[in-house]
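To start, the structure itself, in structure tokens.
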Protein chains: 2
Amino acid sequence: MNEAPELEGALGISAVERDTGVAKDTLRVWERRYGFPAPMRDANGERLYPAAQVEKLRLVRRLLDQGRRPAKVVGADVEELRALIVEGEAGAGATPVPCPLLQYVRLHRSAELAAALRQALLRQGLQGFVADTIAPLNQAIGEAWMRGEIEVAEEHLYTEQVQNVLRAAIGAYAGTGAPPRVLLSTFPDEVHTLGLLMVEATLAPEGADCLSLGARTPIVDLREAAVGGGFDVVGLSFSAAYPWRQALDGLLELRAMLPASIAIWAGGAALKGRQKRLPGVRVVEDLADTLAALREWRAAAAD
Amino acid sequence: MNEAPELEGALGISAVERDTGVAKDTLRVWERRYGFPAPMRDANGERLYPAAQVEKLRLVRRLLDQGRRPAKVVGADVEELRALIVEGEAGAGATPVPCPLLQYVRLHRSAELAAALRQALLRQGLQGFVADTIAPLNQAIGEAWMRGEIEVAEEHLYTEQVQNVLRAAIGAYAGTGAPPRVLLSTFPDEVHTLGLLMVEATLAPEGADCLSLGARTPIVDLREAAVGGGFDVVGLSFSAAYPWRQALDGLLELRAMLPASIAIWAGGAALKGRQKRLPGVRVVEDLADTLAALREWRAAAAD
DNA sequence: CGTTCATTTCTGTCCTGGACAAAGTTGAAA
DNA sequence: TTTCAACTTTGTCCAGGACAGAAATGAACG
């Protein structure tokens, strides 16, 4: 309905919300309180954010996701922000995560990337491939992206190629359906599906009957699907960018809707390390823990 | 921050936006203008939408997607809406598009769906499968969705299963790179990727060097990618839900950004049948026409 | 009768500026 | 060290007004 893509490379508030993930209301209140962003106005008095400010907003977003407070970062200048990113990375990650495949995540090397991924899959097996290649590669890509070493298009390219390989591999397990029956999806404002595929790729070789709905299933439909489809477990994935608090709220809401006989498993970077207690929700720390959850479920079901 | 999980099954305005796809501002303005929805208020004066109203909003949304005007549907009662849905479907579709696979698009029949898809693929070959099975099935699903015969979750399920099969099949052509080099994606507000996969599945067997970036690539990044990656063609896909005019604007903008040596191909339901004059853009009517475009390009390149 | 163009109506998005509860932080008491 | 109360920060919501672009309508024309 909108999207006049703003000739000089400046974006409207809606486009900025889409590109940075910062809500329109929040953008306006930041401007009021911290003096940043300071968009221009078009002929109609509507905000127009220059590309540089959008870029800085992306930085700010990353820092907030790292746990910083807005008062410290919204308003600081770009130099300071970059310093903070390096600092935060050193403190948190500690591991630089070097990954040999990273060099192939380039538009003109897509064929090599695809080949290398397939080769790694054959070498490590599906579960090992996901845990030892894809997971670190994901993290490396995320960090490289934050450092501005990777283009948007290249990140898309990477996601596509990994999907191709994983989906083909998962397809090989089609039809081997043993309990539990697991329904996988994400909440409506989470678009990242790689996490779901990784879980599916981890569970499928164990003979679990996995079904992914992809991203963005409304909570109500999730309940309908879980109950109507006779599922034992509903699995949700949350990427690092997902607001932590929102995940908890959504999980509690879903928990209240589902019968107690259906388990909820939740995992992903947004939940990692947070030890919020979620009654009735199994928080999965990583892929290995996913397998643990599977064993727990089967042990409990055996009684 | 939000999401007090709405004890009586009523949702806050944010949750309703998520679940229905109607923006908060729009919900408020509908209330002001048409008297619907008419949410309750919580202790703090904030809107609380009862489940029934959310359900009705879903109906309204469907009718708007069908092309109805808000004045006619927001405000009508549920009976009328249901009547309109039946009527609209009779007038528009005309062809019931019976598709045998449609019966398997059920949560408890996902295994049968996957098996039937694979079987059809083997029987028809990749190109035939896409043209004669997936394309009609897509349309049938769309119509069934309009009629309310299909759940959100079931539509997601379908998309996932088709992706699994297509991506596995496309993977088999990896590495066979003959010109032209084709970059595929969608504009930032188009999330549907099935169209891209169908194009890729149609071109790959012809030996074309296809690379999909998935959905939602910003136009600027599309230019960077096309130029930097040495592509000959940029292909864009537009689902039926995409605003027609917006597609034209975006295509013209992209055309202006790209060097003349890079062709633009555009296709999808949003462009089908429209009388369009788009200088420098090859509008592709359907999958067969995609192959025609490929032949044209190769003929021109041979000079 | 079908097209093209101008005018009116409809509709979604944006605006300002105020309010408030939940989340986070601090510091004193146990 | 932990617990809890008081304080500060921060994102979301609200009202009600404005307006541009899309859709519908009507007029002029071939």
Side-chain angles (χ1 to χ4, degrees), chain A residues 1-6 11-18 20-36 39-49 57 60-61 63-75 189 243-249 252 274 276, chain B residues 1-6 11-18 20-36 39-49 57 60-61 63-75 189 242-249 270 274-275 277:
Chain A
M1 204 59 53
N2 53 346
E3 305 321 300
E6 292 86 19
L11 300 179
I13 196 170
S14 237
V16 174
E17 171 174 23
R18 190 161 38 57
T20 66
V22 181
K24 291 187 268 263
D25 272 325
T26 306
L27 286 169
R28 287 191 276 254
V29 95
W30 280 1
E31 183 180 338
R32 202 195 307 167
R33 288 191 186 140
Y34 311 115
F36 180 85
M40 313 172 304
R41 299 296 176 126
D42 69 5
N44 189 33
E46 303 194 349
R47 290 172 175 79
L48 267 188
Y49 296 82
L57 278 170
V60 167
R61 189 74 208 294
L63 286 164
L64 293 185
D65 287 347
Q66 270 184 15
R68 310 256 176 195
R69 306 298 317 268
K72 308 283 182 188
V73 294
V74 187
D189 31 20
W244 165 60
R245 168 120 213 112
Q246 210 169 309
L248 301 188
D249 287 343
L252 288 174
R274 324 256 177 205
K276 270 295 187 185
Chain B
M1 208 68 34
N2 51 350
E3 304 324 297
E6 292 86 17
L11 301 179
I13 195 169
S14 236
V16 174
E17 171 174 21
R18 277 207 322 242
T20 66
V22 181
K24 291 188 268 264
D25 272 325
T26 306
L27 285 168
R28 285 191 277 255
V29 93
W30 280 0
E31 184 180 337
R32 201 194 308 165
R33 287 190 186 140
Y34 313 115
F36 179 86
M40 313 173 304
R41 299 296 177 127
D42 70 4
N44 190 31
E46 304 193 348
R47 289 171 175 79
L48 267 187
Y49 296 81
L57 278 170
V60 168
R61 189 78 207 299
L63 285 163
L64 293 184
D65 286 348
Q66 255 184 29
R68 307 261 176 191
R69 307 300 317 269
K72 309 282 182 188
V73 295
V74 187
D189 30 21
Y242 199 89
W244 166 62
R245 178 169 284 279
Q246 206 170 308
L248 300 189
D249 290 346
R274 306 276 173 191
Q275 195 63 33
R277 27 189 157 66

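So that the names make sense, note that chain A is the first sequence line, chain B the second, and so on, each numbered from 1.
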Euclidean distance, atom [atom1] of residue [X] to atom [atom2] of [N] [Å, nearest integer]:
X	N	atom1	atom2	result
Arg69(A)	dT25(C)	CZ	C1'	8 Å
Glu17(B)	dC13(D)	CD	P	8 Å
Arg61(B)	dG12(C)	CZ	C1'	12 Å
Arg68(B)	dT11(C)	CZ	P	14 Å
Lys24(A)	dC15(C)	NZ	C1'	13 Å
Asn44(B)	dG18(C)	CG	C1'	13 Å
Leu27(A)	dT13(C)	CG	P	16 Å
Ile13(A)	dG12(C)	CD1	C1'	15 Å

query = Are any of Thr26(A)'s side-chain N or O atoms less than 4.0 Å away from OP1 or OP2 of dT12(D)?
reply = yes
ask   = Between Tyr34(B) and dC10(C), does any side-chain N or O lie under 4.0 Å from OP1 or OP2?
value = no
ask   = Which residue lies toward the 5' end of DNA chain D, Ala23(A) or Gly67(B), if each is placed at its nearest nucleotide?
value = Ala23(A)
Between N or O atoms, less than 3.5 Å apart, protein on one side and nucleotides 15-17 of chain D on the other: list the pairs.
residue, atom, partner, partner atom, Å
dA15(D), OP1, Arg41(B), NH1, 3.3
dA15(D), OP1, Arg41(B), NH2, 3.2
dA15(D), OP2, Arg47(B), NH1, 3.1
dA15(D), OP2, Arg47(B), NH2, 2.6
dG16(D), N7, Arg32(B), NH2, 3.0
dG17(D), N7, Arg32(B), NH1, 3.2

Residue pair [X] / [Y]: nearest heavy atoms and the distance that separates them:
X	Y	result
Ala71(A)	Tyr34(A)	CA-CE2, 4.1 Å
Leu57(A)	Trp30(A)	CD2-CZ3, 3.8 Å
Leu48(B)	Gly12(B)	CD2-N, 4.1 Å
Ala23(B)	Glu17(B)	CA-OE2, 3.7 Å
Leu64(B)	Arg69(B)	CD2-C, 4.0 Å

key: OG-CZ distance between Ser14(B) and Arg47(B), expressed to the nearest 0.5 angstrom   = 12.5 Å
ask   = Would Glu31(A) and Arg41(A) satisfy salt bridge (Lys or Arg N to Asp or Glu O under 4.0 Å), going step by step from the backbone distance to the final call?
value = CA-CA 13 Å; Glu31(A) 183 180 338; Arg41(A) 299 296 176 126; 3.6 Å; yes
